[in-house]
Amino acid sequence: MVTIQDVARAAGVSAMTVSHVINDHPHVKTETRARVLQAIADLDYRVNVAARNLRTGRTGTIGLAVPEVDRPYYGQLAAEIITAAARHNLKVAIEQTGASREGELDALALSRNRLYDGLILSTVGLGPADTHLLKVDYPMVILGERIFDGPLDHVAMPNVEGARAATAHLIERGCRRVVLIDGGPGDEVDVSRLRYDGYREALEEAGIPLDPRLLVHIDALTMEQGAAAARRVSESGVEFDGAFCVTDTVAMGALRGFADAGVRVPQDVKVIGFDNIAEGAFIVPSLSSIDPDHALMASTAVRFLVGRLAEKGKKRQVAREFISRFTVVARESTGG
């Protein structure tokens, strides 16, 4: 079996230099790197990953656990995290939790069994009663809403602030009867609860009374449910001229539902979503949205995790909380 020493002899460098090339160390001359890579190819050298993991105690892989991989938002977020992780020479293994408590606990168990060096967990199923389960002995970063007062780094969306800006955008465009399509009230703090708070605050700031008839709750934040909600409110007889949907996925469904009901966007109702997924720019009408800066969220989550990996054997630093910035992206659905 070809060894790293064989590669070093063939390339005329030290074994340490070969190691630096394999691990993509930045301080290797271009011509030296090319010579080593050529030797690796000529000798068909393969890194013994298992042996390296035993020596370093690392796998070079982090886990990313998301509720659903087939949702555009989570696919976009995963792509950004993979890009950010690559800058630290880390691979990403993606787990789908099914937006359930059991699935999120499975993701915790995989990391606990050391299949990953650390975990980025986008949690929607675990609640405050599960705080003790998140007090783990390996690096972990939480994405999404804070559900507990625990010792973990947390990267969150600007849910309240973004929702307030989305509703204010509709009001600035002349809307006075703004529908909110969300997941409804619940016992836990979640996306719908936080974005409802932002919606309510924007109405209060504009001096517009909140009308309960304009709150349209759906069972799941899907296109199908968004379309059904739009048709339902269109047929209710309640007057409305704007709609804030708590996710772009719901908003794209709502556009279909309004079209089915003969309600024109943006002439009869102006619609805005939240997430700024890539597809929103290409549908007709193109979708106005809140952009929470996915790249910044991803790079921050990875940076926090890498920092925790570097703490091995050192005193743990205090947990960090990061709320991303956002921008309002005005497109055709609000007359932009």
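- Contact of the Ile4 side chain with the Ile22 side chain is registered, since non-hydrogen atoms from C-beta on lie closer than 4.5 Å.
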Worksheet item: Please walk me through it: do Ile120 and Val92 pass side chain to side chain contact (heavy atoms under 4.5 Å, CB included)?
Response: CA-CA 10 Å; Ile120 297 175; Val92 180; over 6 Å; no
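- Ser299 places a side-chain N or O within donor-acceptor distance of the main-chain N or O of Leu296, the cut-off being under 3.5 Å.
- The backbone N or O of Gly257 lies less than 3.5 Å from no partner atom in the side chain of Arg231, so there is not a single donor-acceptor pair.
- Aromatic ring centroids of Tyr73 and His294 lie under 6.0 Å apart.
- A donor-acceptor pair under 3.5 Å links the side-chain atoms of Asp153 to the main chain of Arg320, judged by distance alone.
- Between Met157 and Leu194, the closest side-chain pair of non-hydrogen atoms is not below 4.5 Å.
- Separating the CG atom in Leu90 from the CD1 atom in Ile62 is a distance of 5.5 Å, to the nearest 0.5 Å.
- A heavy-atom distance below 4.5 Å is found between the side chains of Val269 and Phe240.
- Other residues, nucleotides and ligands place more than 12 heavy atoms under 6.0 Å from the CD atom of Gln267.
- Contact record, Pro266 with Ser333: CB-O, 3.5 Å, taken as the closest heavy-atom pair.
- Remark: aromatic rings of Phe326 and Phe274 are distant, center separation not under 6.0 Å.
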Practice prompt. Please step through salt bridge (charged side-chain N to carboxylate O under 4.0 Å, His left out) for the pair Arg308 and Glu311, ending with a clear verdict.
Written response: CA-CA 5 Å; Arg308 295 304 182 189; Glu311 285 180 355; 2.7 Å; yes
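- In this structure the side chain of His169 reaches within 4.5 angstrom of the side chain of Ile272, judged on heavy atoms.
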Discussion item. Side chain to side chain contact (heavy atoms under 4.5 Å, CB included), that's the test. Do Arg200 and Tyr196 meet it? Break it down for me.
Written reply: CA-CA 6 Å; Arg200 177 179 48 77; Tyr196 163 78; 3.7 Å; yes
Item to complete: Determine, step by step, whether Asp197 and Arg193 satisfy the salt bridge (charged side-chain N to carboxylate O under 4.0 Å, His left out) criterion, reporting the C-alpha distance in whole Å, the side-chain angles of both residues, the deciding distance to 0.1 Å, and the verdict.
Response: CA-CA 6 Å; Asp197 288 343; Arg193 169 82 70 83; over 6 Å; no
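- No more than 12 heavy atoms of other residues, nucleotides or ligands sit less than 6.0 Å from atom CZ of Arg325.
- Rounded to the nearest 0.5 angstrom, Ile81 CD1 and Leu143 CG are separated by 5.5 Å.
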